Number of protein chains: 2
Amino acid sequence: MTPPLHLSLAGQAVDVLREQVLTGEIPPGSRVNEVEVAQKLGISRGPLREAIRHLASEGLLTLVPHRGAFVPDAAPDEVKALFELRTALECAAAELAASRRTDLDLVRLQEVCAESRRNYRAGQPFPYRLDLAFHRTMLDAARSPHIAEQVRLVQQRVVLLRSALEDDPSHTHASMDDHDELVMAVADGDAARASTVMRRHLSRVCAQMMTSLNR
Amino acid sequence: MTPPLHLSLAGQAVDVLREQVLTGEIPPGSRVNEVEVAQKLGISRGPLREAIRHLASEGLLTLVPHRGAFVPDAAPDEVKALFELRTALECAAAELAASRRTDLDLVRLQEVCAESRRNYRAGQPFPYRLDLAFHRTMLDAARSPHIAEQVRLVQQRVVLLRSALEDDPSHTHASMDDHDELVMAVADGDAARASTVMRRHLSRVCAQMMTSLNR
DNA sequence: GCGTTGTCAACTGTCGACAGTTGGCAGTTT
DNA sequence: AAACTGCCAACTGTCGACAGTTGACAACGC
(Lines give C-alpha, C1' and ligand atoms only; values in the text may rest on other atoms or scores of the structure.)
Protein backbone atom coordinates (compact mmCIF):
# COMPACT_ATOMS: atom_id res chain seq x y z
CA MET A 1 0.00 0.00 0.00
CA THR A 2 1.38 3.42 -0.91
CA PRO A 3 0.72 5.81 1.90
CA PRO A 4 -0.54 9.08 0.45
CA LEU A 5 2.08 11.76 0.49
CA HIS A 6 -0.34 14.22 2.05
CA LEU A 7 -3.22 12.99 4.09
CA SER A 8 -4.50 16.44 4.93
CA LEU A 9 -6.75 18.31 2.54
CA ALA A 10 -4.53 21.35 2.92
CA GLY A 11 -1.52 19.36 1.76
CA GLN A 12 -3.37 18.04 -1.26
CA ALA A 13 -4.62 21.52 -2.07
CA VAL A 14 -1.04 22.79 -1.97
CA ASP A 15 0.02 20.20 -4.56
CA VAL A 16 -2.93 20.85 -6.86
CA LEU A 17 -2.64 24.63 -6.64
CA ARG A 18 1.13 24.62 -7.11
CA GLU A 19 0.71 22.56 -10.24
CA GLN A 20 -1.97 24.89 -11.58
CA VAL A 21 0.11 27.98 -10.86
CA LEU A 22 3.31 26.58 -12.36
CA THR A 23 1.63 25.31 -15.52
CA GLY A 24 -0.11 28.63 -16.00
CA GLU A 25 -3.53 27.06 -15.64
CA ILE A 26 -4.05 29.88 -13.21
CA PRO A 27 -2.47 32.68 -15.26
CA PRO A 28 -0.11 35.31 -13.82
CA GLY A 29 -1.92 38.39 -12.60
CA SER A 30 -5.13 36.56 -11.83
CA ARG A 31 -6.74 36.36 -8.43
CA VAL A 32 -7.47 33.20 -6.47
CA ASN A 33 -11.04 33.32 -5.22
CA GLU A 34 -11.28 31.37 -1.99
CA VAL A 35 -14.90 30.21 -2.17
CA GLU A 36 -14.71 29.44 -5.86
CA VAL A 37 -11.52 27.36 -5.68
CA ALA A 38 -12.64 25.69 -2.47
CA GLN A 39 -15.80 24.48 -4.17
CA LYS A 40 -13.86 23.38 -7.21
CA LEU A 41 -11.53 21.31 -5.02
CA GLY A 42 -14.41 20.04 -2.96
CA ILE A 43 -12.98 21.30 0.31
CA SER A 44 -13.78 24.03 2.77
CA ARG A 45 -12.15 27.44 2.93
CA GLY A 46 -10.07 26.62 6.00
CA PRO A 47 -7.66 24.12 4.44
CA LEU A 48 -7.61 26.12 1.21
CA ARG A 49 -6.53 29.23 3.08
CA GLU A 50 -3.69 27.30 4.64
CA ALA A 51 -2.67 26.06 1.20
CA ILE A 52 -2.74 29.59 -0.19
CA ARG A 53 -0.64 30.89 2.69
CA HIS A 54 1.84 28.07 2.14
CA LEU A 55 2.23 28.84 -1.56
CA ALA A 56 2.60 32.51 -0.69
CA SER A 57 5.50 31.61 1.59
CA GLU A 58 7.06 29.83 -1.39
CA GLY A 59 6.70 32.98 -3.47
CA LEU A 60 4.18 31.43 -5.85
CA LEU A 61 1.39 33.75 -4.67
CA THR A 62 1.36 37.27 -3.31
CA LEU A 63 -1.07 38.17 -0.55
CA VAL A 64 -2.92 41.48 -0.43
CA PRO A 65 -4.81 42.17 2.80
CA HIS A 66 -8.58 42.07 2.36
CA ARG A 67 -8.09 41.59 -1.38
CA GLY A 68 -6.87 38.02 -1.69
CA ALA A 69 -4.06 36.06 -3.32
CA PHE A 70 -2.64 36.87 -6.73
CA VAL A 71 -0.31 35.02 -9.08
CA PRO A 72 2.65 37.36 -9.52
CA ASP A 73 3.44 38.24 -13.12
CA ALA A 74 6.88 38.27 -14.61
CA ALA A 75 8.99 41.38 -14.10
CA PRO A 76 12.43 41.49 -15.75
CA ASP A 77 13.98 43.02 -12.63
CA GLU A 78 12.62 40.13 -10.64
CA VAL A 79 14.41 37.66 -12.88
CA LYS A 80 17.72 39.36 -12.24
CA ALA A 81 17.16 39.56 -8.49
CA LEU A 82 16.09 35.95 -8.34
CA PHE A 83 19.14 34.78 -10.25
CA GLU A 84 21.40 36.53 -7.76
CA LEU A 85 19.98 34.27 -5.09
CA ARG A 86 20.05 31.22 -7.33
CA THR A 87 23.67 31.87 -8.27
CA ALA A 88 24.69 32.22 -4.65
CA LEU A 89 23.06 28.91 -3.79
CA GLU A 90 24.04 26.85 -6.81
CA CYS A 91 27.65 28.02 -6.90
CA ALA A 92 27.99 26.95 -3.29
CA ALA A 93 26.31 23.66 -4.16
CA ALA A 94 28.71 23.16 -7.06
CA GLU A 95 31.69 23.68 -4.74
CA LEU A 96 30.32 21.24 -2.21
CA ALA A 97 29.52 18.73 -4.93
CA ALA A 98 33.08 18.92 -6.18
CA SER A 99 34.44 18.06 -2.74
CA ARG A 100 31.83 15.54 -1.62
CA ARG A 101 30.67 13.69 -4.71
CA THR A 102 30.82 9.93 -4.77
CA ASP A 103 31.54 7.87 -7.86
CA LEU A 104 27.84 7.12 -8.11
CA ASP A 105 27.07 10.83 -8.17
CA LEU A 106 29.52 11.22 -11.02
CA VAL A 107 27.92 8.40 -12.99
CA ARG A 108 24.51 9.97 -12.58
CA LEU A 109 25.73 13.38 -13.70
CA GLN A 110 27.39 11.89 -16.76
CA GLU A 111 24.27 9.93 -17.56
CA VAL A 112 22.11 13.05 -17.55
CA CYS A 113 24.59 14.81 -19.83
CA ALA A 114 24.72 11.81 -22.15
CA GLU A 115 20.96 11.71 -22.40
CA SER A 116 20.93 15.40 -23.25
CA ARG A 117 23.42 14.76 -26.06
CA ARG A 118 21.44 11.83 -27.42
CA ASN A 119 18.33 13.95 -27.32
CA TYR A 120 20.09 16.76 -29.11
CA ARG A 121 21.49 14.53 -31.86
CA ALA A 122 18.02 13.14 -32.42
CA GLY A 123 17.04 16.64 -33.45
CA GLN A 124 15.03 17.22 -30.31
CA PRO A 125 15.35 20.51 -28.46
CA PHE A 126 16.94 20.48 -25.04
CA PRO A 127 14.01 19.70 -22.78
CA TYR A 128 13.70 21.73 -19.62
CA ARG A 129 13.11 18.42 -17.87
CA LEU A 130 16.74 17.35 -18.44
CA ASP A 131 18.07 20.71 -17.35
CA LEU A 132 16.15 20.36 -14.11
CA ALA A 133 17.39 16.81 -13.72
CA PHE A 134 21.00 17.91 -14.14
CA HIS A 135 20.81 20.65 -11.53
CA ARG A 136 18.95 18.35 -9.16
CA THR A 137 21.58 15.62 -9.50
CA MET A 138 24.21 18.23 -8.78
CA LEU A 139 22.37 19.21 -5.61
CA ASP A 140 22.14 15.60 -4.50
CA ALA A 141 25.90 15.32 -4.90
CA ALA A 142 26.39 18.43 -2.75
CA ARG A 143 24.63 16.69 0.16
CA SER A 144 23.40 19.90 1.71
CA PRO A 145 19.67 19.48 2.30
CA HIS A 146 19.05 23.09 3.28
CA ILE A 147 20.74 24.50 0.20
CA ALA A 148 18.91 21.96 -1.95
CA GLU A 149 15.58 22.97 -0.49
CA GLN A 150 16.22 26.65 -1.10
CA VAL A 151 17.28 26.00 -4.66
CA ARG A 152 14.08 24.04 -5.20
CA LEU A 153 12.07 27.03 -4.06
CA VAL A 154 14.01 29.48 -6.22
CA GLN A 155 13.78 27.25 -9.29
CA GLN A 156 10.05 27.07 -8.77
CA ARG A 157 9.83 30.83 -8.91
CA VAL A 158 12.02 30.85 -11.98
CA VAL A 159 9.67 28.40 -13.66
CA LEU A 160 6.81 30.71 -12.78
CA LEU A 161 8.57 33.47 -14.71
CA ARG A 162 9.24 31.30 -17.74
CA SER A 163 6.44 32.73 -19.84
CA ALA A 164 7.56 30.74 -22.86
CA LEU A 165 9.74 27.66 -22.85
CA GLU A 166 12.53 28.74 -25.13
CA ASP A 167 13.99 26.36 -27.70
CA ASP A 168 16.86 28.54 -28.84
CA PRO A 169 19.38 26.04 -30.33
CA SER A 170 22.46 28.10 -29.55
CA HIS A 171 21.39 28.38 -25.95
CA THR A 172 20.73 24.66 -25.86
CA HIS A 173 24.23 23.93 -27.09
CA ALA A 174 25.89 26.34 -24.71
CA SER A 175 23.99 24.91 -21.77
CA MET A 176 25.02 21.37 -22.59
CA ASP A 177 28.64 22.46 -22.85
CA ASP A 178 28.36 24.19 -19.50
CA HIS A 179 26.94 21.06 -17.96
CA ASP A 180 29.73 18.94 -19.35
CA GLU A 181 32.34 21.31 -18.07
CA LEU A 182 30.68 21.31 -14.67
CA VAL A 183 30.81 17.54 -14.53
CA MET A 184 34.49 17.62 -15.38
CA ALA A 185 35.21 20.10 -12.62
CA VAL A 186 33.21 18.00 -10.16
CA ALA A 187 34.99 14.88 -11.32
CA ASP A 188 38.35 16.53 -10.65
CA GLY A 189 37.18 17.77 -7.27
CA ASP A 190 37.96 21.28 -8.44
CA ALA A 191 35.61 23.35 -6.30
CA ALA A 192 36.80 26.74 -7.51
CA ARG A 193 36.32 25.83 -11.16
CA ALA A 194 32.93 24.26 -10.49
CA SER A 195 31.79 27.48 -8.86
CA THR A 196 33.15 29.61 -11.68
CA VAL A 197 31.53 27.53 -14.39
CA MET A 198 28.22 27.41 -12.56
CA ARG A 199 28.28 31.19 -12.24
CA ARG A 200 28.92 31.61 -15.95
CA HIS A 201 26.23 29.07 -16.77
CA LEU A 202 23.57 30.75 -14.64
CA SER A 203 24.57 34.16 -15.90
CA ARG A 204 23.99 32.90 -19.43
CA VAL A 205 20.63 31.35 -18.57
CA CYS A 206 19.58 34.55 -16.82
CA ALA A 207 20.52 36.69 -19.81
CA GLN A 208 18.63 34.32 -22.07
CA MET A 209 15.51 34.58 -19.94
CA MET A 210 15.74 38.36 -19.80
CA THR A 211 15.88 38.71 -23.55
CA SER A 212 13.04 36.25 -24.06
CA LEU A 213 10.95 38.19 -21.55
CA ASN A 214 11.57 41.53 -23.21
CA ARG A 215 10.18 40.25 -26.45
CA MET B 1 -0.95 58.12 11.90
CA THR B 2 1.13 54.96 12.04
CA PRO B 3 -0.64 52.20 10.18
CA PRO B 4 -0.33 48.98 12.17
CA LEU B 5 2.19 46.62 10.66
CA HIS B 6 -0.26 43.73 10.87
CA LEU B 7 -3.95 44.32 11.01
CA SER B 8 -4.86 40.68 10.92
CA LEU B 9 -4.94 38.60 14.06
CA ALA B 10 -2.89 35.96 12.29
CA GLY B 11 -0.15 38.50 11.57
CA GLN B 12 -0.09 39.65 15.18
CA ALA B 13 -0.01 36.06 16.36
CA VAL B 14 3.00 35.42 14.12
CA ASP B 15 4.91 38.28 15.74
CA VAL B 16 4.03 37.27 19.28
CA LEU B 17 4.78 33.60 18.74
CA ARG B 18 8.02 34.27 16.91
CA GLU B 19 9.19 36.39 19.81
CA GLN B 20 8.22 33.72 22.32
CA VAL B 21 9.98 31.00 20.38
CA LEU B 22 13.16 32.98 19.78
CA THR B 23 13.45 34.13 23.39
CA GLY B 24 12.93 30.61 24.62
CA GLU B 25 9.74 31.56 26.40
CA ILE B 26 8.37 28.56 24.59
CA PRO B 27 11.29 26.18 25.20
CA PRO B 28 12.75 23.90 22.50
CA GLY B 29 11.15 20.50 22.38
CA SER B 30 7.84 21.71 23.74
CA ARG B 31 4.55 21.46 21.92
CA VAL B 32 2.28 24.34 20.94
CA ASN B 33 -1.25 23.54 22.02
CA GLU B 34 -3.65 25.23 19.65
CA VAL B 35 -6.61 25.75 21.98
CA GLU B 36 -4.46 26.75 24.89
CA VAL B 37 -2.38 29.32 23.00
CA ALA B 38 -5.41 30.60 21.15
CA GLN B 39 -7.14 31.33 24.44
CA LYS B 40 -4.01 32.94 25.84
CA LEU B 41 -3.79 35.24 22.82
CA GLY B 42 -7.52 35.89 22.91
CA ILE B 43 -8.07 34.70 19.34
CA SER B 44 -9.67 31.74 17.69
CA ARG B 45 -7.89 28.66 16.40
CA GLY B 46 -8.17 29.67 12.75
CA PRO B 47 -5.78 32.62 12.73
CA LEU B 48 -3.52 30.85 15.21
CA ARG B 49 -3.22 27.86 12.90
CA GLU B 50 -2.20 30.16 10.07
CA ALA B 51 0.40 31.74 12.31
CA ILE B 52 1.75 28.33 13.31
CA ARG B 53 1.96 27.26 9.67
CA HIS B 54 3.78 30.47 8.83
CA LEU B 55 6.38 29.99 11.55
CA ALA B 56 6.78 26.39 10.43
CA SER B 57 7.60 27.64 6.93
CA GLU B 58 10.29 29.82 8.53
CA GLY B 59 11.73 26.78 10.25
CA LEU B 60 10.87 28.01 13.73
CA LEU B 61 8.36 25.19 14.27
CA THR B 62 8.15 21.65 12.99
CA LEU B 63 4.75 20.21 12.12
CA VAL B 64 3.79 16.63 12.89
CA PRO B 65 0.52 15.45 11.35
CA HIS B 66 -2.21 14.94 13.93
CA ARG B 67 0.28 15.69 16.68
CA GLY B 68 0.80 19.41 16.43
CA ALA B 69 3.63 21.91 16.24
CA PHE B 70 6.88 21.56 18.13
CA VAL B 71 9.78 23.90 18.78
CA PRO B 72 12.79 22.09 17.29
CA ASP B 73 15.63 21.57 19.71
CA ALA B 74 19.26 22.14 18.91
CA ALA B 75 21.09 19.36 17.13
CA PRO B 76 24.80 19.85 16.41
CA ASP B 77 24.43 18.43 12.90
CA GLU B 78 21.72 20.95 12.24
CA VAL B 79 24.06 23.79 13.16
CA LYS B 80 26.59 22.60 10.62
CA ALA B 81 23.99 22.13 7.90
CA LEU B 82 22.48 25.51 8.59
CA PHE B 83 25.84 27.24 8.41
CA GLU B 84 26.45 25.74 4.99
CA LEU B 85 23.42 27.61 3.78
CA ARG B 86 24.30 30.74 5.69
CA THR B 87 27.84 30.71 4.33
CA ALA B 88 26.61 30.34 0.76
CA LEU B 89 24.30 33.32 1.19
CA GLU B 90 26.52 35.64 3.16
CA CYS B 91 29.63 35.04 1.08
CA ALA B 92 27.65 35.98 -1.99
CA ALA B 93 26.31 39.00 -0.15
CA ALA B 94 29.84 40.01 0.82
CA GLU B 95 30.94 39.83 -2.82
CA LEU B 96 27.99 41.91 -3.94
CA ALA B 97 28.55 44.39 -1.15
CA ALA B 98 32.16 44.81 -2.22
CA SER B 99 31.11 45.69 -5.75
CA ARG B 100 27.97 47.73 -5.02
CA ARG B 101 28.56 49.53 -1.76
CA THR B 102 28.15 53.26 -1.61
CA ASP B 103 30.21 55.57 0.58
CA LEU B 104 27.28 55.75 2.96
CA ASP B 105 27.27 51.97 3.30
CA LEU B 106 30.93 52.10 4.17
CA VAL B 107 30.38 54.75 6.83
CA ARG B 108 27.65 52.66 8.41
CA LEU B 109 29.79 49.54 8.46
CA GLN B 110 32.67 51.42 10.05
CA GLU B 111 30.34 52.92 12.61
CA VAL B 112 29.09 49.51 13.71
CA CYS B 113 32.68 48.27 14.03
CA ALA B 114 33.66 51.36 15.97
CA GLU B 115 30.79 50.89 18.38
CA SER B 116 31.83 47.29 18.91
CA ARG B 117 35.35 48.42 19.77
CA ARG B 118 34.10 51.10 22.17
CA ASN B 119 31.89 48.50 23.80
CA TYR B 120 34.78 46.11 24.10
CA ARG B 121 37.14 48.66 25.60
CA ALA B 122 34.50 49.53 28.17
CA GLY B 123 34.84 45.99 29.40
CA GLN B 124 31.47 44.94 27.99
CA PRO B 125 31.19 41.65 26.11
CA PHE B 126 30.45 41.75 22.41
CA PRO B 127 26.68 41.98 22.34
CA TYR B 128 24.93 39.76 19.84
CA ARG B 129 22.92 42.84 18.93
CA LEU B 130 25.97 44.48 17.34
CA ASP B 131 26.93 41.33 15.50
CA LEU B 132 23.45 41.20 14.01
CA ALA B 133 23.67 44.88 13.14
CA PHE B 134 26.95 44.36 11.32
CA HIS B 135 25.71 41.51 9.18
CA ARG B 136 22.51 43.36 8.46
CA THR B 137 24.38 46.47 7.35
CA MET B 138 26.47 44.27 5.10
CA LEU B 139 23.30 42.87 3.55
CA ASP B 140 21.92 46.33 2.97
CA ALA B 141 25.11 47.19 1.10
CA ALA B 142 24.73 44.10 -1.09
CA ARG B 143 21.36 45.40 -2.34
CA SER B 144 19.95 41.96 -3.03
CA PRO B 145 16.58 41.77 -1.29
CA HIS B 146 16.08 38.07 -1.91
CA ILE B 147 19.43 37.11 -0.46
CA ALA B 148 18.83 39.44 2.46
CA GLU B 149 15.47 37.84 3.17
CA GLN B 150 16.90 34.34 3.11
CA VAL B 151 19.74 35.35 5.41
CA ARG B 152 17.21 36.81 7.81
CA LEU B 153 15.39 33.49 7.92
CA VAL B 154 18.57 31.49 8.41
CA GLN B 155 19.83 33.81 11.13
CA GLN B 156 16.54 33.38 12.91
CA ARG B 157 17.03 29.65 12.95
CA VAL B 158 20.57 30.13 14.17
CA VAL B 159 19.28 32.26 17.03
CA LEU B 160 16.86 29.48 17.86
CA LEU B 161 19.82 27.14 18.25
CA ARG B 162 21.79 29.53 20.46
CA SER B 163 20.98 27.77 23.71
CA ALA B 164 23.29 30.06 25.62
CA LEU B 165 24.56 33.44 24.49
CA GLU B 166 28.26 32.93 24.69
CA ASP B 167 30.57 35.60 26.01
CA ASP B 168 33.85 33.98 25.17
CA PRO B 169 36.34 36.90 25.03
CA SER B 170 38.67 35.32 22.52
CA HIS B 171 35.76 34.69 20.19
CA THR B 172 34.61 38.25 20.68
CA HIS B 173 37.99 39.58 19.70
CA ALA B 174 38.32 37.33 16.67
CA SER B 175 34.87 38.30 15.45
CA MET B 176 35.62 41.99 15.70
CA ASP B 177 38.83 41.48 13.77
CA ASP B 178 36.92 39.55 11.09
CA HIS B 179 34.42 42.36 10.83
CA ASP B 180 37.14 44.94 10.45
CA GLU B 181 38.84 42.94 7.76
CA LEU B 182 35.54 42.52 5.96
CA VAL B 183 34.98 46.25 5.97
CA MET B 184 38.42 46.78 4.50
CA ALA B 185 37.78 44.30 1.72
CA VAL B 186 34.43 45.94 0.99
CA ALA B 187 36.05 49.36 1.05
CA ASP B 188 38.59 48.20 -1.53
CA GLY B 189 35.88 46.62 -3.65
CA ASP B 190 37.74 43.34 -3.33
CA ALA B 191 34.94 40.84 -3.81
CA ALA B 192 37.09 37.74 -3.67
CA ARG B 193 38.71 38.74 -0.40
CA ALA B 194 35.36 39.75 1.11
CA SER B 195 34.01 36.31 0.29
CA THR B 196 37.05 34.56 1.69
CA VAL B 197 37.02 36.50 4.93
CA MET B 198 33.29 36.01 5.37
CA ARG B 199 33.71 32.28 4.90
CA ARG B 200 36.45 32.15 7.51
CA HIS B 201 34.39 34.29 9.87
CA LEU B 202 31.30 32.12 9.61
CA SER B 203 33.35 28.95 9.88
CA ARG B 204 34.75 30.29 13.14
CA VAL B 205 31.34 31.27 14.47
CA CYS B 206 29.98 27.87 13.52
CA ALA B 207 32.79 26.05 15.28
CA GLN B 208 32.24 28.20 18.34
CA MET B 209 28.55 27.36 18.41
CA MET B 210 29.24 23.67 17.97
CA THR B 211 31.60 23.53 20.94
CA SER B 212 29.25 25.54 23.11
CA LEU B 213 26.41 23.19 22.19
CA ASN B 214 28.40 20.07 23.01
CA ARG B 215 28.99 21.27 26.52
C1' DG C 1 5.88 -10.20 35.45
C1' DC C 2 5.42 -9.09 30.60
C1' DG C 3 3.14 -8.46 26.45
C1' DT C 4 -1.46 -7.63 24.31
C1' DT C 5 -5.77 -5.58 23.58
C1' DG C 6 -9.61 -2.38 24.48
C1' DT C 7 -11.05 1.98 25.96
C1' DC C 8 -10.76 6.93 26.49
C1' DA C 9 -9.52 11.69 26.81
C1' DA C 10 -7.10 15.22 24.36
C1' DC C 11 -6.06 17.31 20.38
C1' DT C 12 -5.88 18.27 15.46
C1' DG C 13 -8.37 18.54 10.92
C1' DT C 14 -12.39 20.27 8.88
C1' DC C 15 -16.63 22.63 8.23
C1' DG C 16 -20.43 26.10 7.86
C1' DA C 17 -21.84 30.67 9.34
C1' DC C 18 -21.24 35.54 10.77
C1' DA C 19 -18.86 40.08 10.73
C1' DG C 20 -15.96 43.62 8.74
C1' DT C 21 -13.69 45.60 4.77
C1' DT C 22 -13.00 46.80 -0.13
C1' DG C 23 -13.86 48.32 -4.72
C1' DG C 24 -17.34 49.62 -7.87
C1' DC C 25 -21.67 51.73 -9.35
C1' DA C 26 -25.53 54.75 -9.32
C1' DG C 27 -27.32 59.01 -7.98
C1' DT C 28 -26.53 63.67 -6.83
C1' DT C 29 -24.37 68.17 -6.90
C1' DT C 30 -21.84 72.00 -9.00
C1' DA D 1 -19.53 66.97 -17.92
C1' DA D 2 -16.76 66.10 -13.92
C1' DA D 3 -16.39 65.25 -9.24
C1' DC D 4 -18.23 63.80 -5.07
C1' DT D 5 -21.14 60.89 -1.96
C1' DG D 6 -23.65 57.10 -0.43
C1' DC D 7 -24.98 52.47 -1.14
C1' DC D 8 -24.23 47.60 -2.40
C1' DA D 9 -22.46 43.22 -3.64
C1' DA D 10 -18.49 40.29 -3.21
C1' DC D 11 -15.00 38.72 -0.72
C1' DT D 12 -11.80 38.04 3.10
C1' DG D 13 -11.10 37.60 8.22
C1' DT D 14 -12.79 35.30 12.15
C1' DC D 15 -15.35 32.29 15.03
C1' DG D 16 -17.52 28.23 17.35
C1' DA D 17 -18.67 23.40 16.75
C1' DC D 18 -18.23 18.62 14.96
C1' DA D 19 -15.54 14.55 13.32
C1' DG D 20 -11.46 11.70 13.02
C1' DT D 21 -6.97 10.41 14.78
C1' DT D 22 -3.35 9.67 18.25
C1' DG D 23 -1.01 8.34 22.37
C1' DA D 24 -1.68 6.72 26.95
C1' DC D 25 -3.63 4.06 30.47
C1' DA D 26 -5.99 0.17 32.30
C1' DA D 27 -7.74 -4.37 32.11
C1' DC D 28 -6.81 -8.83 30.53
C1' DG D 29 -4.42 -13.11 29.07
C1' DC D 30 -0.17 -15.85 29.04
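Given the structure is predicted, the values throughout are model-derived calculations rather than measurements. Note: hydrogens, waters and symmetry copies are ignored here, and every other heavy atom, side chains too, is used.
Among the protein residues, B:V32 comes within range of the sugar-phosphate backbone only, with heavy atoms under 4.0 Å from sugar or phosphate atoms but none that close to a base. Across all strands shown, B:G68 has heavy atoms under 4.0 Å from sugar-phosphate atoms exclusively, and none from any base.
Five base pairs at each end of the helix from C:dG1-D:dC30 to C:dT30-D:dA1 define two local axes, and these are offset by 10° (rounded to 10°).
Residues forming a ring-ring contact (aromatic ring centres under 6.0 Å, His included) with A:H146 (at least two apart in sequence, or on another chain): none. With sequence neighbours left out, the salt bridge (charged side-chain N to carboxylate O under 4.0 Å, His left out) criterion links A:E36 to no other residue. Under the salt bridge (charged side-chain N to carboxylate O under 4.0 Å, His left out) criterion, A:R67 pairs with no residue at all, not counting sequence neighbours.
Heavy-atom nearest nucleotides on DNA chain C were determined for A:R67 and for A:G42, and the one closer to the 5' end corresponds to A:G42. Residue order along DNA chain C, read from the 5' end via each residue's closest nucleotide, puts B:V35 first among B:V35 and A:G46.
Bracketed by its first and final contacts, the part of DNA chain D lying under 4.0 Å from non-hydrogen atoms of chain A reaches from D:dC11 to D:dT14 in 5' to 3' order.
The interatomic distance linking B:L9 (CG) with C:dT21 (C1') rounds to 14 Å, in whole Å.
When every heavy atom of A:L130 is checked against every heavy atom of A:E115, the shortest pair comes out as CD2-CD, 3.9 Å.
Contacts of residues 48-62 of chain A with DNA chain D (heavy atom under 4.0 Å): A:R49, A:R53.
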